[in-house]
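Being a predicted model, the structure only gives us computed values, none of them experimental.
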Amino acid sequence: SWEENKDLGESQNINGLENPDKIIECQKVWEMKTQAKADVRWEDMYDKLKTFQIAHGHCDVPSKYGRLGKWVNYQRYRRPFLSDKKKRLLDGIDFVWRVPCQLELARKTTA
């Protein structure tokens, strides 16, 4: 069972990590590497969006456009959680935070 394996692991000092501080340090390193990979992927998609913007004159990528379209929609959804740097980068290429149907609905409800 899990409990038996847990006890066995504690008694045998699995991976040589008996010090909780070492475990926490390893976790922090793993989290930093994971975040760095996510940042590289984000920057890659941002570059693809810039290329799309240059080619089409706008950043309103249709969701059915594939991976880029899905990424664009996800950025809209994640806006409250994006870093200020990422928001500035997207704003700098005239990113459309609301899809056209949302803009039209907003116009109708304020008129």
**Any side-chain heavy-atom pair of L90 and Y46 under 4.5 Å** = yes

**Message:** Looking at every heavy atom in both V72 and C59, which two are closest together, and how far apart are they?
**Reply:** CG1-O, 4.2 Å

**Asked** Does any pair with a residue in residues 77-91 pass salt bridge (Lys or Arg N to Asp or Glu O under 4.0 Å), and if so which ones, sequence neighbours excluded?
**Response** D39-K86

**Message:** Rounded to the nearest 0.5 Å, what separates atom CG in L49 from atom CG in D44?
**Reply:** 11.5 Å

**Prompt:** In terms of hydrophobic clustering (I, L, V, M, F, W, Y; side-chain heavy atoms under 4.5 Å; direct or indirect links), are F95 and Y74 co-clustered?
**Reply:** no

**Item:** Non-hydrogen side-chain atoms of L82 and Q75 separated by less than 4.5 Å
**Value:** yes

**Message:** For N73, give me all partners under side chain to side chain contact (heavy atoms under 4.5 Å, CB included), at least two apart in sequence or on another chain.
**Reply:** S63, R76, V99

**Prompt:** Which residues satisfy the side chain to side chain contact (heavy atoms under 4.5 Å, CB included) test with Y65, sequence neighbours excluded?
**Reply:** F52, H56, V61, P62, L68

